[in-house]
Amino acid sequence: MIFILNKWRRSLFIMHENCYQKLLYINQMQNNLFISGLITLCPTLIALYCTILAPKAIADTFDKDLSNFVSGGGTALYLGAGVTLPLLQDGKQGGQHALRALDSLTTSTLLCISLKEITDVKRPDSDSRDSFPSCHATAAFAIATVQSHYHPGSALIWYSGASLIAYSRINLNRHRLTEVLAGAALGYLTAQLELSQKHGLILFPIISSDDAGESLVGLQVVGSF
């Protein structure tokens with residue numbers, strides 16, 4: 001009887017050992033599968049990051065940096081070039097063209113500021129209530145319209161520059177699309193009105209209706225380059 005009990009206990013012990021070994025084996029297989037999965041997945045994740053996520057993050061940063069430049073210093077350079085280049089490029093008519101550009105820029109900007117006070121629209125990125133319309137777009141398209149009138153061959157360049165300035169305001173969340181479009185329309189229409197007037201708008205006392213620009217004082221630069 002004792003012999004049978006011992007044999008039974010030994011059988012139970014062996015079965016327990018076998019079960020334990022199988023459990024260890026299964027656990028080890030699971031660990032191996034997990035490690036293998038990680039080894040396979042890591043290169044995939046790295047490749048995904050390098051090909052999709054990282055370039056997108058870099059592109060987004062570059063896009064924002066470019067918009068910041070275009071909206072700031074780029075706009076100043078664009079407007080400055082629109083007013084001063086005629087003095088260097090347009091010969092005897094340079095002073096007249098420069099004054100027309102300056103008059104359009106000044107008038108459209110003042111109108112834009114006035115509309116901001118009237119509409120009192122909140123900006124999308126702050127609590128400031130001066131969002132409608134976009135004066136960046138207004139000024140840029142006023143200059144683009146005048147320059148395109150005097151230099152039709154360069155119209156695409158000027159309007160592309162104005163569009164880039166307008167887009168930068170949306171991309172930086174400073175304005176909504178409708179505000180930029182309204183600003184662009186205001187600049188364009190103001191410039192067209194300027195060009196239709198013999199003596200301009202605000203600067204009419206010193207703008208001549210003479211296409212030769214001979215009555216202008218102190219704003220003629222004649223040179224050859």
Side-chain angles (χ1 to χ4, degrees), residues 66-115 133-172 174-175 177 179-225:
L66 179 61
S67 291
N68 276 318
F69 169 75
V70 171
S71 183
T75 299
L77 290 172
Y78 178 88
L79 300 179
V83 173
T84 58
L85 280 180
L87 296 172
L88 303 175
Q89 294 180 335
D90 297 353
K92 291 183 179 181
Q93 296 181 356
Q96 175 77 6
H97 296 173
L99 276 177
R100 290 282 185 177
L102 180 60
D103 199 25
S104 296
L105 175 62
T106 304
T107 304
S108 62
T109 301
L110 290 176
L111 288 173
C112 181
I113 294 173
S114 299
L115 282 174
S134 166
C135 285
H136 276 70
T138 297
F141 275 88
I143 288 295
T145 303
V146 174
Q147 286 295 336
S148 298
H149 173 79
Y150 291 125
H151 304 282
S154 301
L156 180 60
I157 296 175
W158 285 105
Y159 279 117
S160 295
S163 298
L164 186 59
I165 291 172
Y167 167 75
S168 72
R169 303 303 288 170
I170 299 174
N171 193 40
L172 294 173
R174 293 293 291 160
H175 288 287
L177 176 61
E179 296 160 2
V180 166
L181 292 176
L186 177 61
Y188 174 81
L189 294 174
T190 303
Q192 290 291 353
L193 180 62
E194 162 73 34
L195 294 169
S196 70
Q197 302 301 307
K198 290 184 177 181
H199 297 281
L201 299 170
I202 293 178
L203 301 180
F204 66 89
I206 56 175
I207 293 180
S208 172
S209 61
D210 182 6
D211 288 338
E214 295 177 353
S215 62
L216 293 175
V217 179
L219 285 173
Q220 294 180 2
V221 176
V222 181
S224 59
F225 298 91

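Fair warning: this is a prediction, and the values are worked out from it, not measured in the lab. Here, residue 1 is the first one in the sequence, and each next residue gets the next number.
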Please confirm whether the backbone N or O of A166 pairs with a side-chain atom of H136, one donor and one acceptor, at under 3.5 Å?
no
T106 side-chain N/O to D103 backbone N/O, donor-acceptor pair under 3.5 Å
no
In terms of heavy-atom contacts, A191 and A142 come closest through CB-O, 3.6 Å
Shortest non-hydrogen pair, S134 vs C112, comes out as C-SG, 3.9 Å
Rounded to the nearest 0.5 Å, how far does CD1 of I143 lie from CG of L102?
8.0 Å
Is the closest side-chain heavy-atom distance between H151 and D90 below 4.5 Å?
yes
Do the non-hydrogen side-chain atoms of L193 and T107 ever get within less than 4.5 Å of each other?
no
Between CD1 of I207 and CG of L201, what distance do you get to the nearest 0.5 Å?
7.5 Å
Residues L99 and I206: closest non-hydrogen pair is CD1-O, 3.4 Å
Supply the atom-to-atom distance F204 CZ to I202 CD1, rounded to the nearest 0.5 angstrom.
9.5 Å
Taking salt bridge (Lys or Arg N to Asp or Glu O under 4.0 Å) as the test, write out the residues that go with R100, two or more places apart.
E194
Measuring only between side-chain heavy atoms, which start at C-beta, is Y150 closer than 4.5 Å to L195?
yes
Rounded to the nearest 0.5 Å, how far does CD1 of I165 lie from CZ of F141?
9.0 Å
Nearest 0.5 angstrom please: R169 CZ to C135 SG, how far?
9.5 Å
For residues 72-87, dump all side-chain donor-acceptor pairs below 3.5 Å to protein atoms at least two apart in sequence or in another chain.
from: T75; atom 1: OG1; to: V70; atom 2: O; distance (Å): 2.6
from: T75; atom 1: OG1; to: S71; atom 2: O; distance (Å): 3.4
from: Y78; atom 1: OH; to: W158; atom 2: O; distance (Å): 2.6
from: T84; atom 1: OG1; to: G80; atom 2: O; distance (Å): 2.7

If I compare all heavy atoms of N171 with all of S67, which pair ends up nearest, and what's the gap?
ND2-OG, 2.7 Å
Could you report the tightest heavy-atom contact between A139 and T109, atom names first, then the distance?
CB-OG1, 4.2 Å
Report yes if the side chains of Y188 and S108 come closer than 4.5 Å at any heavy-atom pair, otherwise no.
no
Residue pair L111 / L115, side-chain heavy-atom distance below 4.5 Å:
no
